[in-house]
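This report concerns only the one structure given below.
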Amino acid sequence: MKTILFVNVHFSPYLTGGGSIVAEHIAKGIEKSAQVILFSVRYGDAISLEEHTISDNIVSIVMTISKPSSYVSYHRNSIVAECVVRVCQKYSPDFVHFHSIQTMGIEMVQSVKNLGIQCIVTVHDNWWLCERQFLWHEDQVFCGQLKRIDQATCLYCTANAFDMTARSEILKGVYTSFDAVVHVSNYMRDLYENSGMIGNNVHVIENGVDVPRPVKPAPWKQTGIVYLGYLGGDAAHKGIDIVIDIAVRAPANCRFLVVSNMNGKYQLDSILDNGFGDNRIEFIKSMEHSRIEEFYDIVDVIIAPSRVPESYGLVVREALIRDKWVLTSSGGAQADAVIDGVNGNKFDTFAVDMETAHSHVSTISTVDWSAYSNPHKDSIPTWETQVGKYIDLYASI
């Protein structure tokens, strides 16, 4: 049985973020055929190590490190590299699979390669291309680089041109040293290659989604009412302000369920039990991802209005495979699975084309969604198929 070391900024029991969820899905998907060691970090005052048994074949090692306090410390950390080497020496992995490694440092990649161990990386975002991995200015505006990241443009954004240039050269060198590179969408592969980041042995393996269970509609749902949902949380680049604008101007028969820790008054259970009452919009607190089916049982339409181009768009795919209509932004990989007018609608969130968005919602409000079925849901990849592609990749390196 092979041993594989997965390295990602977060793993169970401190799982946070979409990229981390994806990385852990892959790890759990291969545990029947491999011993899996998860390595991640959390932030604290003193360096320490924890070891947790996740299952018979998965062990999670969590290193506590100081939160980065300088520009360089967000991508350089020799202490983490030393710890990863010790983990490799203890468990002797056949290869190391890196995922999102911001704040963990890039030295560990070369340190692992110096041990003679092959390394692959799955690219979940723009971290390798830009210090602002979501391409989001401090003034909360997308930088506009939709198809190519140009350092000449980045010079107007960074606080330190010298550091930015040095970072770019260092990360490019590490990126091109991986024995295999996986992108989660054709969009991301093209963006990286158009930006001059050319990897070795490049593959596109889209993220999978969980196979949905049978629908259990909330018993209080009313005929003639259209229920729209938003799962992006409070992050400005996810477009929560766009959702609120849509809700305020939506037809009277629309109801909105919005996940927001900042504004959330209730837990999901409250809505499941009591419905919306007389309210047109309800803010609920974040829920465990394992409860996502209950959220989808309530809504008919998902709004995914990201103000930045997503690397994949997991929420969009989760909705489409569950026969939910999707209203989404038109740029980035989140739009790739949406066929306008067939299984969803698109609008330009980068130019904030709200009139188009409101027009779509007006049309959406006239539809009886109870019998809707997405004619293209079979094209949405599931974790079973996608993990199989990773297993094939592992066998080839």
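Computed over heavy atoms, backbone and side chain alike; hydrogens, waters and symmetry mates excluded.
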Considering only NZ, NE, NH1 and NH2 on the basic side and carboxylate oxygens on the acidic side, decide whether Asp269 and Arg291 come within less than 4.0 Å.
-> yes
Measure from the side-chain N and O atoms of Asp179 to the backbone N and O of Cys119, and report whether any donor-acceptor pair falls under 3.5 Å.
-> yes
Using a strict cut-off of less than 4.0 Å between a Lys/Arg side-chain nitrogen and an Asp/Glu carboxylate oxygen, indicate whether Glu293 and Arg322 qualify as a salt bridge.
-> yes
Taking side chain as C-beta onward, heavy atoms only, is Tyr14 less than 4.5 Å from His52?
-> yes
Counting distance only, does the side-chain N/O of Tyr187 pair as donor-acceptor with the main-chain N or O of Gly331 below 3.5 Å?
-> no
Donor-acceptor side-chain pairing of Asp190 and His183 below 3.5 angstrom = no
Within a radius of less than 6.0 Å around NZ of Lys285, do more than 12 heavy atoms belonging to other residues, nucleotides or ligands occur?
-> yes
Minimum-distance pair of heavy atoms, taken over all atoms of Tyr74 and Trp127 = O-CZ2, 4.0 Å
Quick check: are there more than 12 heavy atoms from other residues, nucleotides or ligands sitting under 6.0 Å from CD of Glu384?
-> no
Residues Trp325, Tyr372; criterion ring pair (Phe, Tyr, Trp, His ring centres under 6.0 Å); working and verdict | CA-CA 8 Å; Trp325 192 263; Tyr372 170 71; 5.7 Å; yes
Quick one: does Ile106's side chain get under 4.5 Å of Tyr175's, heavy atoms only?
-> no
When hydrophobic residues are tied together by side-chain contacts of less than 4.5 Å, even through go-betweens, does Ile364 share a cluster with Ile244?
-> yes
Evaluate salt bridge (charged side-chain N to carboxylate O under 4.0 Å, His left out) for Glu294 paired with Arg213, printing each intermediate quantity in order.
-> CA-CA 10 Å; Glu294 296 167 279; Arg213 61 152 169 75; 5.9 Å; no
Any donor-acceptor N/O pair, Asn253 side chain to Gly224 backbone, under 3.5 Å = yes
Taking atom types as modelled and ignoring hydrogens, do the side chains of Ser306 and Gln334 form a donor-acceptor contact shorter than 3.5 angstrom?
-> no
Is there side-chain contact between Ile321 and Thr382, with at least one heavy-atom pair below 4.5 Å?
-> yes
Judged by modelled atom types alone, do Asn261 and Ser286 share a side-chain donor-acceptor pair under 3.5 Å?
-> yes
Under 3.5 Å: donor-acceptor pair, side chain of Asp297, backbone of Ala218 | no
Checking Trp369, Trp220, Phe256 against Tyr227 for ring-ring contact (aromatic ring centres under 6.0 Å, His included), the one that qualifies is Trp220
Under the side chain to side chain donor-acceptor pair (under 3.5 Å) test, residues paired with Glu288 that sit two or more places apart | none
Side-chain contact test, heavy atoms from C-beta onward, threshold under 4.5 Å: evaluate it for Ile37 versus Pro93 and give yes or no.
-> no
Side chain of Lys346, backbone of Val338: donor and acceptor closer than 3.5 Å?
-> yes
Does Ser185 use its side chain to pair, donor to acceptor, with the backbone of Met188 at less than 3.5 Å?
-> yes
So, Asp323 versus Asn374: side-chain donor-acceptor pair below 3.5 Å or not?
-> no
Donor + acceptor pair across side chains of Ser33, Tyr394 (<3.5 Å) = no
Heavy-atom closest pair (Ile240 atom, Val258 atom, distance to 0.1 Å) is CD1-CG1, 4.2 Å
May I ask you to decide whether Lys238 forms a salt bridge with Glu310, counting only side-chain N to carboxylate O separations under 4.0 Å?
-> yes
Take atom CD1 of Ile198 as the centre, draw a 6.0 Å sphere, and report whether it contains more than 12 heavy atoms from other residues, nucleotides or ligands.
-> yes
Apply side chain to side chain donor-acceptor pair (under 3.5 Å) to Asp210 and list each qualifying residue two or more places apart in sequence or on a separate chain.
-> none
Which atom names give the shortest non-hydrogen contact between Leu38 and Ala27, and what distance separates them?
-> CD2-CB, 3.7 Å
Does one side chain, of Glu282 or Tyr266, offer a donor that lies under 3.5 Å from an acceptor on the other?
-> no
Donor-acceptor contact present, side-chain Ser362 to main-chain His358, <3.5 Å = yes
Within the side chain of Lys113, is there an N or O that forms a donor-acceptor pair under 3.5 Å with the backbone of Ser177?
-> yes
Are any side-chain N or O atoms of Asp234 and backbone N or O atoms of Met262, one a donor and one an acceptor, separated by less than 3.5 Å?
-> yes
Side-chain donor or acceptor of Tyr312 paired with backbone N/O of Asn207 under 3.5 Å | yes
